[in-house]
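Data block below; observations after.
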Amino acid sequence: MPRRMLTPHKSVFSYSRPPKWLNGPITMNSARCGYRVFSANSSAVCMELAKKITERLGVELGKAVVYQETNGETRVEIKESVRGQDIFIIQTIPRDVNTAIMELLIMAYALKTSCAKNIIGVIPYFPYSKQSKMRKRGSIVCKLLASMLSNAGLTHIITMDLHQKEIQGFFNFPVDNLRASPFLLQYIQEEIQDYRNAVIVAKSPDAAKRAQSYAERLRLGLAVIHGEAQCAELDMADGRHSPPTVKNTTVHPGLGIPSKRQPPFPGIELPMMIAKEKPPISVVGDVGGRIAIIVDDIIDEVESFVAAAEILKERGAYKILVMATHGILSADAPHLIEDSSIDEVVVTNTVPHEVQKLQCSKIKTVDISLILSEAIRRIHNGESMSYLFRNITMDD
C-alpha cells in the first residue's frame with residue numbers, strides 16, 4: 001500500500017520522498033499481524049512522534065492507559081491482548097525525565113507479565129547518556145538504567161545518536177543506534193540557500209570528528225573553535241586520580257606509613273601536577289563571509305553555543321546555524337537563542353520541544369519518524385538493519 005505522509009507544520013521539515021540513502025521501497029503492511037506499537041506516555045505532546053510512526057506503518061496505536069495517581073505513582077493499564085506478539089514501546093523523554101523512565105519500566109513489566117513475545121523499546125533520546133563515565137565519587141547512571149530496562153523485560157532497544165557509542169556495551173541485549181545525520185544533511189542541501197558557501201564548525205575539539213564527517217559528505221570546509229569557550233567533558237576532574245595535596249609526603253621505611261621526616265624513596269620527590277590553562281579563544285579555519293553551521297549531538301544548555309556564535313560573528317560569518325539531533329533546550333535556552341547571534345537552530349523530533357518553539361521562532365524541526373518506522377518494520381520481519389546504516393561512519 002502507498003506510504004501515507006503527515007502534512008508538515010511550516011517549521012517542521014518532513015519528506016515528500018525518502019532521503020537518497022533510503023531510496024528503496026518501504027512497504028508497510030498494516031494487515032500483517034503479530035506486532036503492536038504502544039506509547040509509554042499519554043500526553044499529547046509526547047504521543048505526537050508515536051502517532052507519526054504508526055501512520056507510516058499503517059497500524060493503530062496500541063490501547064493502553066498511562067497516568068499519574070494523586071500520590072505521584074505511575075499506573076499503566078494494557079487494554080488489549082499482547083500474548084505472543086512483538087511489542088514496540090515508543091517513549092520520548094519530556095522535561096520530567098524520571099517520570100518518563102518509570103512509565104517505560106512499568107509498561108515493559110506489564111507487557112512482560114502479559115506474555116508478550118518480544119518487547120522492544122523505541123527510545124530516540126536515551127536519558128542519562130551524559131552520565132556514562134565515572135566522575136569523582138559518583139556513579140555510572142547510564143549502566144544502572146540499562147540494567148533496570150533489562151530487568152523490566154525489554155529484549156531490544158532502538159535509539160538514535162547515543163552521546164557515547166560505548167553505551168551500547170552496557171546492555172545485555174541488542175541495541176540499534178540509528179543516525180540522524182542523513183536527515184540533517186538533506187536539510188542543509190534543500191533548505192539552506194547557497195549552502196556551498198558554508199563551513200561546518202565544531203564548537204570544541206571534542207566535536208571535531210562529527211564536524212569533519214559532515215564537512216566531508218557535503219564537500220565543505222571545516223573550522224574548529226578552541227580556547228576558553230569550549231566546555232569539554234574530558235576536563236572534568238576524576239577524584240580517583242587526584243594529585244596529592246601535600247607536596248613532600250613521605251613514607252616510613254618498611255611500614256608504608258607517611259612520615260614528614262623522610263621522602264617516599266631516597267632522593268625522589270613526587271612531581272606536582274600542572275593545572276590546565278586554556279589558551280585564548282581562537283578559530284582554526286576560515287569563516288569570513290560564509291555561513292557557519294555548528295553541529296553537535298545534543299543542544300541542552302546553550303551558553304557554549306551562544307559564545308561560539310559570538311566569536312564566529314566576530315570572525316566574519318554572516319549567518320550562523322546550530323544543528324543537533326536532540327533538542328532538549330532546557331531552562332532559559334529558548335530566550336538565550338532568541339537574543340543571540342544564532343540565526344537558526346535545527347533539531348529533530350526525538351525530544352518534544354513544542355513549548356520551546358513557541359518561545360523562540362528560530363527553532364526548526366526535522367522529522368525522523370521515517371527511519372524509526374522502517375527500523376520497526378525490519379525488526380519485526382527479521383530483515384537486516386544494515387540497510388539503514390549505509391554510508392554511515394563511526395563519527396556520525
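Note that the structure is a prediction, hence the values are computed from the model and not measured.
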Task: Common cluster, V141/I298, ILVMFWY with side-chain heavy-atom separation under 4.5 Å - done: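 Yes, V141 connects to I298 through the hydrophobic network.
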Open item on the list: With salt bridge (charged side-chain N to carboxylate O under 4.0 Å, His left out) as the criterion, how do K63 and E80 come out once you've worked through the C-alpha distance, each side chain's angles and the decisive distance to 0.1 Å?
Closed with: CA-CA 6 Å; K63 298 176 182 178; E80 59 181 297; over 6 Å; no
For residues [X] and [Y], report the shortest heavy-atom separation together with the two atoms involved.
X    : Y    : answer
P127 : L145 : O-CD2, 3.6 Å
F170 : A146 : O-CB, 3.7 Å
Q356 : I363 : O-CD1, 3.7 Å

Open item on the list: Ring-plane angle category for Y35 and F88, please: parallel below 30°, perpendicular beyond 60°, tilted otherwise.
Closed with: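 Rings of Y35 and F88: perpendicular, as their planes differ by over 60°.
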- [ ] Compare all side-chain heavy atoms of I311 with those of E314 and state whether any distance is below 4.5 angstrom.
- [x]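 Yes; the side chains approach each other to less than 4.5 Å.
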Task: Pair K319 + D194, salt bridge at N-O below 4.0 Å - done: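 Salt bridge: no.
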Open item on the list: Strictly below 4.0 Å, N to O, side chains only: are R377 and E374 in salt-bridge contact?
Closed with: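 Answer for the salt bridge query: yes.
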TODO: For the residue pair D367 and S369, confirm or rule out a side-chain donor-acceptor distance under 3.5 Å.
DONE: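 Yes - a donor-acceptor pair under 3.5 Å links their side chains.
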TODO: Taking atom types as modelled, find out whether Q91 and E103 have a side-chain donor-acceptor pair closer than 3.5 angstrom.
DONE: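 A pair is found: one side chain offers a donor N or O, the other an acceptor, under 3.5 Å apart.
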TODO: Step through it carefully: locate the ring centre of F171, locate the ring centre of F126, and say whether they are under 6.0 Å apart.
DONE: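 Yes - the distance between ring centres of F171 and F126 falls below the 6.0 Å cut-off.
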